[in-house]
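Everything below concerns the one structure shown next.
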Number of protein chains: 2
Amino acid sequence: MTAEMTTPRERLLDAAERIFSAKGFSATTLRDISSKLSLSHASLYYHFPGGKEELFAAVTERNIMHHGVGLLHSIEAAGTDLRGQLRGAAAWLLSQSPMDLIRMAETDMPALPEHVAKKLMDLVYVQMILRLRQVFQAGVDTGELGPATDAGLMAGAFLGLIESLHSIPEFAVRRSRTDMAFELVEVLLKGLDYSKGGLK
Amino acid sequence: MTAEMTTPRERLLDAAERIFSAKGFSATTLRDISSKLSLSHASLYYHFPGGKEELFAAVTERNIMHHGVGLLHSIEAAGTDLRGQLRGAAAWLLSQSPMDLIRMAETDMPALPEHVAKKLMDLVYVQMILRLRQVFQAGVDTGELGPATDAGLMAGAFLGLIESLHSIPEFAVRRSRTDMAFELVEVLLKGLDYSKGGLK
DNA sequence: GTCTATATAAAGATAGAC
DNA sequence: GTCTATCTTTATATAGAC
């Protein structure tokens, strides 16, 4: 059996993902992508007859799935320990290139046909938000977290926190991002309040 | 004395800000903006001879200053109470249209000349990051927050949290965003850990 | 599968009339 | 100040050769 490392399609998706991630949908041109592969831009239409939109949708769907699967594995690898699960999830997200979910939702999606945008945002919800929500909800169920905890809110907040770490400019990074993420996990769990009760 | 409410330049900036905020720099066209004012796109060059770049830079600078000044006022209005300051800052940021700082930094800025991008990002740092950092640092200095608190990290994290609230789709908003922001302020201060010490 | 060539559309920008 | 007209560039997309 021939065991190929990567298909041409995947190499194309890899290159496209890097550029779409960096510049977003509308600022990226097909020539940006094809030139990285030493191809003419017209050749991209052989692989993705639907052009830029189809390519972006394929890239984004694969990226979301990749993040979701990795999130699931990193959470499962931590067993049932809440802190470990959150640390694992944070470390995984930071090990990947930034998704910029806000730009994706607010800026890129409106440029796509509505049913495509809906499908992709639903995928983000299932693969990322729901999985993190389950982590927080499990914490509530076991009594580790307060019963009033809004697990859905915390899932979104967690993603927002990690994304903000991703966007810290390289020159301003004194500690590793993972280090900072772990500190933020501690803040979420224990709070900043040093005296634990000093604030009413 | 003639006391005009708004200058033509400001009306132009208002319209441009709405569209740039929604679609980002590269997806916005001058015709998008001029049509909202029932102008021809060529007329914009009378007010901003530098074209799209100059207009975007002016819009963004004004927007950052507006956010910074409002942030300062909302913090000062809360007196010396840390919780009140954070709540005030959060409520102010949520009362304004989203800035999408990550997209601004990662996607819009690279499309501008470097010195313009640097000036704008420096302005974000001074007007927004530093002001929030001072709030957290004051909490450390008074002993309200733990001495190991990284005030700079928390400033960025706070902005990330509020921005993530801004991007919750309207149909998914059950409680008000301000309500959720106040809950996140409580989490930052006190943590999610219900038993306060149950997690090692 | 990839190329060259080309069609088509859209956007930034300028010139000059009013 | 705003217009119409036009220039130039750039991008998506298609056609057809190899």
Side-chain angles (χ1 to χ4, degrees), chain A residues 2 4-60 103 107-114 116-117, chain B residues 2 4-60 103 107-117 120:
Chain A
T2 53
E4 288 186 324
M5 294 277 295
T6 57
T7 64
R9 181 191 166 93
E10 278 185 76
R11 279 191 294 278
L12 204 172
L13 288 172
D14 287 340
E17 183 175 309
R18 273 190 289 276
I19 301 174
F20 277 131
S21 287
K23 307 175 64 170
F25 176 72
S26 74
T28 298
T29 71
L30 293 179
R31 285 174 175 86
D32 288 337
I33 297 166
S34 64
S35 70
K36 289 285 180 189
L37 298 161
S38 304
L39 288 180
S40 111
H41 78 280
S43 300
L44 302 185
Y45 286 87
Y46 172 80
H47 301 277
F48 294 91
K52 188 181 178 182
E53 269 184 23
E54 185 189 342
L55 179 54
F56 181 78
V59 160
T60 304
R103 183 196 64 200
T107 306
D108 292 338
M109 289 302 119
L112 300 178
E114 199 181 320
V116 176
Chain B
T2 53
E4 288 184 324
M5 293 278 294
T6 58
T7 64
R9 181 192 165 93
E10 278 185 75
R11 279 192 294 277
L12 203 172
L13 288 172
D14 286 340
E17 183 176 309
R18 272 190 290 275
I19 300 174
F20 277 130
S21 288
K23 307 176 64 170
F25 176 71
S26 75
T28 298
T29 72
L30 293 179
R31 287 171 175 85
D32 288 337
I33 296 166
S34 63
S35 70
K36 289 287 179 187
L37 299 160
S38 303
L39 290 179
S40 110
H41 78 282
S43 300
L44 301 185
Y45 286 87
Y46 172 80
H47 301 278
F48 293 92
K52 188 181 177 181
E53 269 185 24
E54 185 188 343
L55 179 55
F56 181 78
V59 160
T60 304
R103 182 197 65 199
T107 307
D108 292 339
M109 290 302 119
L112 300 179
E114 199 180 318
H115 72 278
V116 176
L120 292 172

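Just so it is clear: chains get the letters A, B, ... in the order the sequence lines come, proteins before strands, and each one is counted from 1. It should be emphasised that the depicted structure is a prediction, and the values quoted were computed from it without experimental measurement.
In this structure, A:T29 OG1 and A:K52 NZ are separated by 7.0 Å, a value rounded to the nearest 0.5 Å. Note that the CZ atom of A:F48 and the CG atom of A:L30 stand 11.0 Å from one another [nearest 0.5 Å]. Taken from CG in B:D108 to OG1 in A:T107, the straight-line distance is 8.0 Å, to the nearest 0.5 Å. Rounded to the nearest 0.5 Å, atoms NE2 (B:H47) and CZ (B:R9) are 10.0 Å apart.
The side-chain contact (heavy atoms from CB on, under 4.5 Å) with A:I33 is formed by just one residue from the set A:T28, A:V59, A:L13, A:L39; it is A:T28.
Nucleic acid contact class of A:S38 (heavy atoms, under 4.0 Å, all strands): sugar-phosphate only.
Between the CZ atom of A:R11 and the P atom of C:dG1 there is a distance of 10 Å, given to the nearest Å. Across the protein-nucleic acid pair, A:H47 atom NE2 and C:dG1 atom P stand 7 Å apart, rounded to whole Å. The CZ atom of B:R9 sits 18 Å away from the C1' atom of D:dT2 (whole-angstrom rounding). If you measure from atom CG of B:L44 to atom P of C:dA13, you get 11 Å, rounded to the nearest angstrom. Here the C1' atom of nucleotide C:dT14 and the CZ atom of B:F48 are 18 Å apart, to the nearest Å.
When the side-chain nitrogen and oxygen atoms of B:Y46 are compared with OP1 and OP2 of D:dT2, none of them lie within a distance under 4.0 Å. At D:dG1, none of the side-chain N or O atoms of B:S43 fall inside 4.0 Å of OP1 or OP2 (strictly under the cut-off). The shortest distance between the side-chain N/O atoms of A:S40 and the OP1/OP2 oxygens of C:dT2 is not below 4.0 Å.
Sorted by residue number, the list of members of residues 17-25 of chain A with any non-hydrogen atom under 4.0 Å from DNA chain C is empty.
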Protein proximity profile, nucleotides 12-18 of chain D - base contact B, sugar-phosphate-only contact S, no contact -, cut-off 4.0 Å on heavy atoms: BBB----
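Nearest approach of A:M109 to A:F56, heavy atoms of both residues: CE-CE2, 4.0 Å. Across A:E53 and A:A111, no two heavy atoms sit closer than the pair OE2-O, 4.1 Å.
Atom NZ of B:K23 has more than 12 heavy atoms from other residues, nucleotides or ligands within 6.0 Å.
Side chain of A:R103 to backbone of A:S21: a donor-acceptor contact under 3.5 angstrom is found.
The rotation axes computed at either terminus of the helix from C:dG1-D:dC18 to C:dC18-D:dG1 lie 0° apart, taking five pairs at each end and rounding to 10 degrees.
Annotation: side chain of A:T60 is not in contact with side chain of A:F25 (no heavy-atom distance under 4.5 Å).
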Trace of the side-chain contact (heavy atoms from CB on, under 4.5 Å) decision for B:T7 with B:L12: CA-CA 9 Å; B:T7 64; B:L12 203 172; over 6 Å; no
